[in-house]
**Q** 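One structure follows; several queries about it will come next.
We count ligands from 1, going down the list as the structure has it; atoms in each ligand are counted the same way.
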Amino acid sequence: MSGNMLGRKAINIVWIKRDLRTQDHAAFQAAENAGLPYIAFSLLEPKQIEHPDTSLRHLKFIYHAVKDINKILAKTQGYVHLWYKDAREVFSFLSEEFEIKEVFSYQESGTANSWERDKQMKTWFKDRGIIWTEFQRDGIIRGLHNRDGWEKAWYQTMNAPLIQNQYQTGKMLRIGVPFELSMHLKRDLENYSMVFQPAGESHGWKYLYSFTEKRGFDYHLAISSPSKSRMSCSRISPYLSWGNLSIKQVYQYIKNHPNRYEHKKAFNAVLTRLKWHCHFIQKFEMECRYETECINRGYDLLTYENNPELLEAWKHGRTGYPMVDACMRALIATGWINFRMRAMLVSFLCHRLDQDWRKGAYHLAQLFLDYEPGIHYPQFQMQAGVTGINTVRIYNPVKQSKEQDAEGRFIKKWVPELSRTPKEYLHEPWRMTSLDALFQGMKNKSYPDPIIDLETTGKRARKKFWSHKNHPLVREEAARIIEMHTKKN
Ligand SMILES: Cc1cc2nc3c(=O)[nH]c(=O)nc-3n(C[C@H](O)[C@H](O)[C@H](O)COP(=O)(O)OP(=O)(O)OC[C@H]3O[C@@H](n4cnc5c(N)ncnc54)[C@H](O)[C@@H]3O)c2cc1C
């Protein structure tokens with residue numbers, strides 16, 4: 001019996017994933033151009049949420065980004081639903097109620113978890129004669145085996161015209177379902193910290209405007225400082241990660257901005273990073289095993305001490321190294337820290353505390369408001385020194401502290417136990433005698449002593465990582481990785 005004979009209304013679907021915006025949106029465009037009315041939704045899927053990379057702050061960001069979309073769409077009575085259910089069950093329910101003809105969404109270069117879900121959904125759609133069109137996201141190409149021609153294609157994509165989405169009044173349907181967000185969950189999601197960057201495309205654009213109008217002029221000079229970077233970096237990462245802005249929108253906006261001529265160095269540095277963004281995701285798209293396995297399989301042979309107490313101290317910003325602790329605490333509170341300090345946190349974990357990178361990767365993933373699997377795992381592994389193709393950089397947290405926060409303002413802000421510590425001791429408070437502390441009115445020493453010694457851990461890490469680079473499997477793997485992920489002209 002055909003769907004129509006059952007009396008079900010024929011519809012299309014827009015399934016929104018990490019593309020929470022209304023403009024430059026191929027899936028919305030396709031649905032608007034197709035003849036049928038359509039339902040648009042984004043999902044908080046229990047099976048995806050259970051995965052240890054996800055945290056409440058991510059869900060809150062999604063929730064508020066959907067709210068932002070709905071504000072924008074209100075003028076055409078458009079509405080994006082946000083439901084709490086696994087995709088398979090949502091589509092099963094909808095196909096009972098409606099005759100689903102086509103589903104439009106973007107390809108997701110996610111973890112194995114979302115990849116598996118998508119494979120199952122593909123079969124499910126196929127079995128029911130539903131056409132699922134997945135659009136390419138941000139120039140990431142599915143099914144590539146090497147990088148030949150990738151860069152050229154990426155620039156072509158970035159320079160192609162933006163999609164100017166238009167919405168017909170009443171074409172997007174609003175329906176009731178049994179898997180709306182519960183009042184309890186809604187209350188949790190509503191409660192969004194003012195310290196986090198606000199979610200949604202309207203805010204993404206505000207950040208981009210303020211960056212190009214003024215904030216970003218010293219971008220290249222301030223990028224490594226944990227405090228200056230908060231102002232001078234673009235801070236568009238959460239908006240890119242959740243697709244509130246497309247890479248193409250940002251690329252074209254910065255490239256064509258009149259201020260670029262006077263601030264070429266700063267603006268070009270960001271344009272380059274937009275390509276890095278996609279370069280890393282392309283890597284992950286080709287090998288999503290990077291979430292749990294070393295990019296270079298030769299590094300899976302390495303063993304670590306993995307002392308759980310040291311790991312806990314790192315996670316909670318209580319290592320006794322002020323810069324490490326300030327960065328971790330700033331990240332816990334605000335969901336963002338700059339690149340250099342992310343690298344230092346990972347290096348401290350893997351090189352100084354001798355922890356397998358997998359011990360900390362989910363912790364940071366949960367804390368980053370801009371968590372993007374395709375960047376996160378390859379970057380984490382690079383900084384952990386397990387790729388075999390990048391220089392292993394073992395950061396000295398005291399040196400970073402003196403160089404990047406000479407006055408100690410960042411440290412004092414995030415490690416209040418040290419707020420009365422004189423500048424000369426701030427980077428190495430353990431050098432302060434009890435008498436010094438007493439003079440400063442620091443009655444009880446609430447800040448911990450360093451949990452490791454820099455000299456011994458530095459020596460150990462250099463020996464361990466530098467010698468392992470010559471292991472035959474590491475070399476063999478390095479050649480494979482270069483072949484796969486490096487362009488050949
Ligand atoms: C261990 C580790 C984990 C990371 N995890 C993530 C992550 O989950 N999500 C994420 O977006 N970035 C991640 N990064 C990269 C980088 O730190 C952030 O993109 C950047 O700090 C975001 O701030 P911004 O938007 O102000 O960046 P800007 O410096 O203003 O750069 C603009 C954009 O370029 C891209 N970009 C910048 N630096 C990099 C880089 N090194 N690699 C790839 N893309 C880059 C981002 O999309 C960023 O929003 C990680 C870095 C490290 C060392």
**Q** What atoms of ligand 1 come within less than 4.0 Å of a heavy atom belonging to S241?
**A**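 So the atoms of ligand 1 that pass are 11 (O).
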
**Q** For atom 41 (N) of ligand 1, what is the closest protein heavy atom, and at what distance to 0.1 Å?
**A**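 Nearest neighbour among protein heavy atoms for atom 41 (N) of ligand 1, to 0.1 Å: Q379 NE2, 3.1 Å.
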
**Q** Got the closest protein heavy atom to atom 16 (C) of ligand 1, with its distance?
**A**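 Of every protein heavy atom, F339 CD1, 4.0 Å lies nearest to atom 16 (C) of ligand 1.
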
**Q** Whether K275 engages the ring of Y155 as a cation-pi pair (distance to the six-membered ring centre under 6.0 angstrom, angle to the ring normal within 45°) should be assessed.
**A**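 That pair does not qualify as a cation-pi contact.
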
**Q** If you measure every N or O of S234 against every N or O of ligand 1, does any of those distances drop under 3.5 Å?
**A**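 S234 vs ligand 1: N/O contact under 3.5 Å present.
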
**Q** Using salt bridge (charged side-chain N to carboxylate O under 4.0 Å, His left out) as the criterion, list what pairs up with K152, not counting sequence neighbours.
**A**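 In terms of salt bridge (charged side-chain N to carboxylate O under 4.0 Å, His left out), with neighbours along the sequence ignored, K152 is linked to no residue.
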
**Q** Does an N or O from S237, backbone or side chain, lie closer than 3.5 Å to an N or O of ligand 1?
**A**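 Yes - when backbone and side-chain N and O of S237 are compared with those of ligand 1, one distance drops under 3.5 Å.
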
**Q** How far is atom 8 (O) of ligand 1 from its nearest protein heavy atom, and which residue and atom name does that atom have?
**A**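 Going atom by atom, the protein heavy atom closest to atom 8 (O) of ligand 1 ends up being E372 N, 3.0 Å.
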
**Q** Identify, by atom number and element, the atoms of ligand 1 in contact range of Q383, meaning under 4.0 Å from any of its heavy atoms.
**A**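 With Q383 as reference, the close atoms of ligand 1 come out as 53 (C).
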
**Q** With backbone taken as N, CA, C and O and side chain as the heavy atoms from C-beta onward, which portion of A365 lies under 4.0 Å from ligand 1: side chain, backbone, both, or neither?
**A**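 None of A365 does.
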
**Q** Side chain, backbone, both or neither: which part of V346 comes within less than 4.0 Å of ligand 1 when only heavy atoms are counted?
**A**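 Side chain only.
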
**Q** Is it the case that the ring center of Y304 lies less than 6.0 angstrom away from the ring center of W357?
**A**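 Judged by ring-centre distance (under 6.0 Å), W357 and Y304 do not meet the cut-off.
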
**Q** At under 4.0 Å between heavy atoms, is it the side chain or the backbone of F368 that contacts ligand 1, or both, or neither?
**A**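 The side chain, only.
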
**Q** Can you tell me which residue and heavy atom of the protein come closest to atom 26 (O) of ligand 1, and the distance to 0.1 Å?
**A**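 Nearest protein contact, heavy atoms only, for atom 26 (O) of ligand 1 is R235 N, 2.7 Å.
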
**Q** Is the closest side-chain donor-acceptor distance between Q136 and R142 under 3.5 Å?
**A**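 R142 and Q136 do not have a side-chain donor-acceptor pair below 3.5 Å.
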
**Q** Just distances here: any N/O of I236 and N/O of ligand 1 closer than 3.5 Å?
**A**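 Yes, I236 has an N/O under 3.5 Å of an N/O on ligand 1.
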
**Q** List ligand 1 atoms under 4.0 Å from Y371, heavy atoms only on the residue side.
**A**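 Going through ligand 1 atom by atom, the ones under 4.0 Å from Y371 are 8 (O).
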
**Q** Within the distance-only criterion (no hydrogens, no angle test), does the side chain of H58 pair as donor or acceptor with the backbone N or O of S55 below 3.5 angstrom?
**A**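 Yes, because the side chain of H58 sits within donor-acceptor range (under 3.5 Å) of the backbone of S55.
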
**Q** For Y299, is the NZ or CZ atom of R475 found under 6.0 angstrom from the centre of its six-membered ring and inside 45 degrees of the ring axis?
**A**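 No; the conditions do not both hold, so R475 does not lie above the ring face of Y299.
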
**Q** Have a look at ligand 1 and work out which part of Y219, if any, has a heavy atom under 4.0 Å from it: side chain, backbone, both or neither.
**A**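 Contact part for Y219 vs ligand 1: side chain (C-beta onward).
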
**Q** Can you list, pair by pair, the side-chain donor-acceptor contacts under 3.5 Å of residues 369-377, counting residues two or more places apart and other chains?
**A**
residue, atom, partner, partner atom, Å
D370, OD1, R342, NH1, 3.2
D370, OD2, S237, OG, 2.7
D370, OD2, R342, NH1, 3.4
D370, OD2, R342, NH2, 2.8
Y371, OH, D53, OD2, 2.7
Y371, OH, Y377, OH, 2.8
H376, NE2, A361, O, 2.9

**Q** Which is it for D370 and ligand 1 at heavy atoms under 4.0 Å: side chain, backbone, both or neither?
**A**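 The part of D370 near ligand 1 is both the backbone and the side chain.
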
**Q** For Y251 and W154, I'd like to know if the aromatic rings sit close, meaning centre-to-centre distance below 6.0 Å.
**A**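 Close enough - the centres of the two rings lie under 6.0 Å apart.
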
**Q** For H279, which part has a heavy atom under 4.0 Å from ligand 1: side chain, backbone, both, or neither?
**A**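 Neither part.
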
**Q** Could you tell me, atom by atom, which parts of ligand 1 come under 4.0 Å of a heavy atom of W336?
**A**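 Answer for ligand 1: 22 (C), 23 (O), 26 (O).
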
**Q** So that I know where these two stand, are H203 and Y207 an aromatic pair - ring centroids less than 6.0 Å apart?
**A**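 Ring-ring flag for H203/Y207: false, centres at least 6.0 Å apart.
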
**Q** Is it the case that more than 12 heavy atoms not belonging to R409 sit under 6.0 Å from its CZ atom?
**A**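 For R409, atom CZ is not crowded (no more than 12 foreign heavy atoms under 6.0 Å).
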
**Q** How about R352 and T319: does a side-chain donor come under 3.5 Å of a side-chain acceptor?
**A**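 Result is no, nothing qualifies.
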
**Q** What atoms of ligand 1 come within less than 4.0 Å of a heavy atom belonging to L240?
**A**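 It comes down to these atoms of ligand 1: 47 (O), 49 (O).
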
